[in-house]
Amino acid sequence: MPPVAESALDVKGDFPIFARRFDGRPLVYLDSGSTSQKPKVVIDALAGHLRNHNANVHRGVYALAQEADAAYDSARSRVAAFTGAQPETTIFTKNVTEAINLVAYAWGRANVGPGDAVLITQMEHHANIVPWQVLCRERGAELRYLEVDERGELSLEQLDVELARGDVRLVAVTHVSNVLGTIVPVAEIAARARAAGAVSLVDGAQAVPHMAVDVEAIGADFYAWTGHKALGPMGIGVLHGRREILERMEPFLTGGDMISSVDFQSATWNELPYKFEAGTPPVAEAVGLGAAVEYLGRLGMDRVRAHERALTGYMLERLEDVPGLRVAGAPEAEARGGLASFTIEGMHPHDIAELADRGGVCIRAGHHCAQPLMSCLGVSATARASIGVYNEPGDVDALVDTLLAGREVFGL
Amino acid sequence: MPPVAESALDVKGDFPIFARRFDGRPLVYLDSGSTSQKPKVVIDALAGHLRNHNANVHRGVYALAQEADAAYDSARSRVAAFTGAQPETTIFTKNVTEAINLVAYAWGRANVGPGDAVLITQMEHHANIVPWQVLCRERGAELRYLEVDERGELSLEQLDVELARGDVRLVAVTHVSNVLGTIVPVAEIAARARAAGAVSLVDGAQAVPHMAVDVEAIGADFYAWTGHKALGPMGIGVLHGRREILERMEPFLTGGDMISSVDFQSATWNELPYKFEAGTPPVAEAVGLGAAVEYLGRLGMDRVRAHERALTGYMLERLEDVPGLRVAGAPEAEARGGLASFTIEGMHPHDIAELADRGGVCIRAGHHCAQPLMSCLGVSATARASIGVYNEPGDVDALVDTLLAGREVFGL
Amino acid sequence: MDDLYRDYILDHYKQPRNFGELDPHDLEAMEHNPLCGDELGVHIRVKDDRIEDLRFHGHGCAISQASASIASEELIGMELEQVGKLGADWMIELLGIPVSATRRKCALLNLKVVRSAVTGDHAWPA
Amino acid sequence: MDDLYRDYILDHYKQPRNFGELDPHDLEAMEHNPLCGDELGVHIRVKDDRIEDLRFHGHGCAISQASASIASEELIGMELEQVGKLGADWMIELLGIPVSATRRKCALLNLKVVRSAVTGDHAWPA
Ligand SMILES: Cc1ncc(COP(=O)(O)O)c(C=O)c1O
Ligand SMILES: Cc1ncc(COP(=O)(O)O)c(C=O)c1O
């Protein structure tokens with residue numbers, strides 16, 4: 001019955017948390033869309049850095065500081081290489097939210113004005129909505145939305161119509177929807193935006209951990225993602241930017257390390273990427289993220305995707321066994337990342353998640369930081385099961401069992 | 001010869017990094033002003049969280065997520081209690097630099113306008129200079145400086161004169177200078193600022209790890225500090241703010257978790273402190289910082305200060321043994337935090353630090369992110385030795401030995 | 001039997017008491033749970049400084065709906081002054097099930113909206 | 001003997017060659033090392049597309065001063081076109097000591113300022 005083939009990964013043992021038991025039951029973690037669990041190599045890299053190589057970066061003359069510098073630099077190089085980017089245009093932030101805010105403040109305030117428009121989609125995460133609302137309100141610009149259809153897809157025709165209006169300065173889209181799972185054709189969107197003279201930003205939070213991502217090939221001007229969803233630590237995010245744009249931009253956060261020189265009334269800026277990294281960066285977290293992408297690279301992102309796609313297909317199939325359950329978005333695993341948002345007639349998503357937890361199954365319930373999309377779907381919340389490299393068909397079976405048991409508790 | 005008394009702490013063994021050897025020599029770490037080393041309890045708390053309790057915070061219904069929530073909340077409570085603050089007005093940022101930028105953007109842009117002034121001091125770190133330069137340029141306000149005298153001290157008379165001009169909206173001062181070591185009378189400054197209708201911000205980066213700090217007693221409107229200098233992880237900083245001001249402020253970073261509700265064109269904000277924490281926070285880092293302040297609390301901040309003051313006195317005394325060496329700032333340990341910035345006639349600070357490293361002694365050389373102060377001191381750089389809880393008189397002796405040996409290399 | 005989803009909880013969830021609209025009404029409010037986006041509204045008719053009648057409307061999870069339903073039976077007839085003083089404990093005790101930190105807001109949403117209608121205070125009951 | 005602080009390095013540091021001002025001069029530039037704030041300037045006199053004469057000024061650590069002093073002896077007489085092509089390796093080899101990643105900018109500051117004067121390129125030599 002499980003769909004597993006050569007593509008199947010068997011890596012749960014690499015993740016210490018799965019040794020835990022909850023009321024004697026193993027952990028069934030189906031909330032990787034929210035945050036991923038961490039392999040031992042990542043925890044060890046992070047802790048090992050603190051134990052053996054901790055110093056501040058960028059300035060220390062002594063050997064220990066040079067180790068810290070080398071660790072931080074090499075983490076950046078690995079992270080950049082993992083996504084096909086250059087180290088100098090790979091900026092570490094604290095999360096993808098900060099990365100998008102960086103663009104909204106430092107690029108947006110200088111480049112979006114009255115009469116201009118920012119174009120996003122109905123399926124964005126709040127992190128890719130609210131910064132643009134704030135920017136547009138401040139600058140007298142308009143925030144417009146591309147619609148999402150029944151299958152969770154965008155219309156490139158609508159994109160063309162919007163771009164043809166000639167006022168769009170920025171197109172900001174998610175790479176993979178955190179609610180619908182939709183894989184968005186971001187390279188095509190970035191190309192059309194560019195042809196229309198608009199800058200593009202892709203929110204890759206749900207893409208980078210789950211499929212091979214080549215930011216060079218995608219060709220967006222900005223590509224942002226977040227470490228903690230990619231097997232890395234919390235406290236670190238990534239912004240890849242196009243060099244010419246980053247060079248023309250004023251900095252965002254200011255202070256130490258991002259300057260070239262400071263006098264009483266003015267300062268000049270450091271070179272890329274440091275111009276955008278003010279203050280002491282999360283060095284051990286960068287080292288941890290470096291270990292995470294190295295681990296993913298060793299697994300092979302194509303295998304990761306194949307594994308998760310197969311498992312998603314299995315999940316979509318198995319969820320059909322639950323009466324009254326409806327999955328939002330496209331029905332084929334091929335068209336989506338490794339997640340399924342669903343509702344069950346007669347049960348609120350919070351109760352679904354609570355009852356799943358009775359069986360040791362972790363799923364998420366709520367608006368998933370996508371309230372505008374929820375209103376399009378006509379619900380206030382959904383339950384969501386999302387997959388990581390460590391999941392197995394048995395996890396899906398456990399989910400379905402708890403859903404069926406939950407229905408019984410509710411007398412359905 | 002060593003000055004040690006009952007106050008002496010003997011805790012090097014709590015810090016795993018001191019088990020390392022460099023070319024067979026133990027690590028003599030005198031760069032805690034740059035970043036502190038981490039006790040085992042902090043590294044274990046951080047790694048243990050990732051190993052056993054990792055989940056995203058704020059929303060998860062399942063047991064694991066509730067553990068993560070509880071860990072994050074209790075870290076915030078501990079951190080707030082450590083500095084005499086309330087959890088709801090204790091905001092986690094990525095470092096003190098972000099904390100100050102948060103105030104500059106979110107409070108400053110709404111409250112500082114043409115004709116207004118921001119008042120800082122000549123001994124600020126770039127993190128407490130450049131954000132105000134940017135704000136004042138953008139808003140057409142003036143950035144003015146309180147002078148620092150020979151002893152590294154400010155003049156409260158000059159403060160009164162400046163405040164009497166009636167245009168000062170904000171007074172932003174360091175609590176302890178990272179170059180001169182000066183302990184600034186911040187409570188007095190905050191009180192005078194308030195009496196003059198100005199808001200006050202204190203940069204406590206160099207104070208919190210080294211002495212008992214009670215932000216309630218200090219009474220500043222904002223008090224910011226940084227985890228990595230306080231035995232905690234990198235990637236986490238703290239902003240304490242006055243509730244009424246935080247409540248009136250618009251948010252800074254926007255996105256998930258900081259909203260109450262989002263529709264297509266606008267959003268409303270979450271309650272404090274979440275309104276200022278956009279996106280996934282550094283949960284394990286908060287847990288690590290919680291363990292750090294618990295560790296410091298167990299040592300007792302008065303003992304920490306006594307230990308460091310005694311050691312600073314010893315260091316100031318021993319540095320007199322080095323011909324040509326001049327220490328900047330006040331000569332008494334009583335008046336300063338645990339650090340000494342110095343120059344040696346005939347040797348550049350970079351060379352001093354490089355030669356210190358030959359003896360396994362880590363000190364810092366450069367402008368210490370305080371170029372305006374450097375220009376006041378008439379130098380481009382100094383060497384700086386700075387103390388942490390784990391230092392011992394033998395570390396100071398090792399420093400003096402390497403300085404003397406360095407002079408010989410230079411034929412002095 | 002399930003700790004949380006007791007029979008009476010599910011019963012109140014499935015057949016909530018005092019749900020609907022109340023027109024005319026003297027007081028009203030609408031509040032939402034930021035965790036899930038659920039909204040709950042209330043209409044209140046006042047007589048002699050007491051809640052003469054009350055109706056909730058909106059949707060939510062079993063905990064929030066059952067809380068509202070159970071509370072409604074206590075609230076009708078209560079003095080407005082007393083309503084203003086009701087705290088979280090009152091609601092949690094009334095509900096009679098162990099509510100986790102995460103679900104607390106679900107259980108307290110109805111009290112929040114009632115207090116908001118009566119006192120204008122939008123804070124979560126403490 | 002110390003790896004880094006060889007006799008000839010210290011000699012160049014203490015008695016730097018070609019230090020001072022050069023007036024009149026044809027080209028000049030000033031650059032600084034962001035790590036320590038040290039500044040180094042250069043004056044260059046040009047004849048027949050070559051550096052006829054050159055003087056550095058400013059202060060810095062032993063590595064940056066010795067590099068400037070040692071390089072000055074090679075740069076005088078060099079074709080401008082060739083100067084524009086000089087890379088980091090040239091300087092590091094000329095210096096003849098192992099330079100750590102941190103101190104690299106100290107060693108390359110003089111080449112940066114000379115290239116800046118000759119080509120207008122403010123980048124660090126790669
Ligand atoms: C006084 C002072 N303020 C601010 C900072 C900046 O701290 P961070 O880099 O953690 O933001 C430092 C340390 O570098 C400091 O010493
Ligand atoms: C698509 C998408 N964008 C942005 C975010 C925000 O990520 P973070 O909280 O790490 O900033 C998330 C995750 O919550 C997401 O799924």
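Convention: sequence-line order gives letters A, B, ...; per-chain numbering from 1. These numbers come from the heavy atoms of this one structure, side chains and all, not from hydrogens, waters or symmetry mates.
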key: Region of His228(B) that comes under 4.5 Å of a non-hydrogen atom in chain A   = side chain
ask   = Do Thr280(A) and Thr97(B) have side chains that get closer than 4.5 Å, going by heavy atoms?
value = no
ask   = Any side-chain heavy atom of Leu64(A) sitting closer than 4.5 Å to one from Ile17(B)?
value = yes
key: Side-chain touch Asn101(A)/Thr254(B), heavy atoms, less than 4.5 angstrom   = yes
query = Using 30° and 60° as the class limits, which term best fits the ring planes of Tyr145(B) and Phe264(A): parallel, tilted or perpendicular?
reply = perpendicular
query = Can a donor-acceptor pair be found between the side chains of Asn54(A) and Gln37(B) at a distance below 3.5 Å?
reply = yes
query = For Tyr29(B), is it the side chain, the backbone, both, or neither that has a heavy atom closer than 4.5 Å to a heavy atom of chain A?
reply = side chain
message = Regarding Glu250(A) and Arg137(B), does a basic nitrogen lie under 4.0 Å from an acidic carboxylate oxygen?
response = no
key: Region of Ile236(B) in contact with chain A, defined by heavy-atom distances below 4.5 Å   = neither
ask   = Less than 4.5 Å apart, any side-chain heavy atom of Pro372(A) and any of Val262(B)?
value = yes
request  = Check each atom of Phe18(B) against the heavy atoms of chain A and say whether the ones under 4.5 Å are side chain, backbone, both or neither.
outcome  = neither
task = For the residue pair Tyr105(A) and Phe252(B), categorise the inter-ring angle as parallel (less than 30°), tilted (30 to 60°) or perpendicular (more than 60°).
result = tilted
ask   = Would a 4.5 Å heavy-atom cut-off, applied to side chains only, mark Lys94(A) and Glu98(B) as touching?
value = yes
key: Side chain, backbone, both or neither of Asn95(B) within contact of chain A (heavy atoms, under 4.5 Å)   = side chain
query = Any chance the rings of Phe22(B) and Tyr62(A) have centres within less than 6.0 Å?
reply = no
